[in-house]
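Comments concern the structure below.
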Amino acid sequence: MTKPGRSVIALLLDRSSSLGPLRDDVRARLAELLAEQAAQPGEVEVYVATTGRRAGKLGGGVPAGDVAVPKLRGRGTAAVRDSLGALVAGLGGSLAGMPEQERPSRVFLLVVTGGHDEGSATWGPDELRDLVAAQERDYAWEVVTVTVAEHAGLAPWGAGFRSIGAAPTADGVRAALAAASRYLSRAREVGPWEPVEGFSQEERWAAYPPAFHSDEVGADETTVIPVITAERLAEADRADAESRRRWWDRFRRPAKV
């Protein structure tokens, strides 16, 4: 049982140095996104977390119109997979503690990242994909990913149609987060598990123009920007692990007599 018309948005913001000088643009555009969501019909509550050890330590949710987006000061690297895994677990615990009739009918995890994961040790791509898939299947959660990077066509940690890349410019950030806000609005208008139209190709090109994708220079503008989904990221991770295993095996073999 859930409360009709009630939604939760959990923000996971990359506080690593990867967002660089665009951190203030990200913060400003997120404030606009939350204001737009607050103006939509229905009740929406927001939980804010930044990458790091405390990503899963959530306080109470705040109405979208009252949220203060934190300053995103660069702090070295970010274990995005571990942070997202912790956020899913922490948010799940918070919602499970609510009376059933107060639980939201829709839960969104909006991940804004510079696209790099360094230092994740708890959640690998396979395990994280399975965790997110279970929440999507059983509780109608959705992970929406905005990746701000030079090669932002690489959109890990989320299903392709809910992942969008943003060129590392103020205009790219604005277009990507505006598209994310429109997606949230569409999803909030329908019931749990009902299909929702993902990001359009026009929205992808606005956020990530062809000039920022070396493989697409001169390509027809109807060409779809490649998106690396969690499955492909997991395949790359397994291939990398196998390569490292073979390298170390050279030193484990007994010496010939």
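- Rounded to the nearest 0.5 angstrom, Leu95 CG and Glu100 CD are separated by 12.5 Å.
- Nearest heavy-atom pair across Val196 and Tyr183 is CG1-CE1, 3.7 Å.
- Here the shortest heavy-atom pairing between Val8 and Pro104 reads CG2-CG, 3.7 Å.
- Tested against Leu34 for a side chain to side chain contact (heavy atoms under 4.5 Å, CB included), the candidates Leu110, Leu184, Val67, Val48 yield a single pass: Val67.
- Looking at Arg103, its side chain never comes within 3.5 Å of a backbone N or O of Thr2 through a donor-acceptor pair.
- Ala179 meets the side-chain contact (heavy atoms from CB on, under 4.5 Å) test with Ile164, Arg182, Phe199, Glu203; sequence neighbours excluded.
- Taking every heavy atom of both residues into account, Gln135 and Val88 meet most closely at CG-CG1, 3.8 Å.
- Checking side-chain atoms of Gln37 against main-chain N and O of Ser181 turns up a donor-acceptor pair under 3.5 Å.
- Side-chain N or O atoms of Arg162 include none that pairs as donor or acceptor with a backbone N or O of Gly198 at under 3.5 Å.
- Remark: Arg186 pairs with no residue by the salt bridge (charged side-chain N to carboxylate O under 4.0 Å, His left out) rule, at least two apart or across chains.
- For the residue pair Leu22 and Ala170, the shortest heavy atom distance occurs at CD2-N, 3.8 Å.
- The line from CD1 of Ile9 to CG of Leu91 is 11.5 Å long, rounded to the nearest 0.5 Å.
- At distances below 3.5 Å, not a single donor-acceptor pair connects side-chain atoms of Arg188 with backbone N or O atoms of Arg106.
- By the side-chain hydrogen bond (donor to acceptor under 3.5 Å, both in side chains) test, Thr122 pairs with no residue at all, sequence neighbours left out.
- Residues satisfying the salt bridge (charged side-chain N to carboxylate O under 4.0 Å, His left out) criterion with Arg6, sequence neighbours excluded, are Glu43, Glu45, Glu102.
- For Ser94, there are no side-chain hydrogen bond (donor to acceptor under 3.5 Å, both in side chains) partners, not counting sequence neighbours.
- Nearest approach of Asp14 to Thr113, heavy atoms of both residues: OD2-OG1, 3.1 Å.
- Between Asp24 and Arg27 no salt bridge is recorded (no basic side-chain N to carboxylate O distance below 4.0 Å).
- Residues that satisfy the salt bridge (charged side-chain N to carboxylate O under 4.0 Å, His left out) test with Asp171, not counting sequence neighbours, are Arg174.
- Atom-to-atom distance recorded for Glu136:CD and Trp193:CH2 is 11.5 Å, nearest 0.5 angstrom.
- Rounding to the nearest 0.5 Å places CH2 of Trp141 at 8.0 Å from CG of Leu131.
- A donor-acceptor pair under 3.5 Å is formed between the side chain of Ser120 and the backbone N or O of Asp82.
- Counting heavy atoms from C-beta outward, Leu33 and Arg29 have side chains that stay 4.5 Å or more apart.
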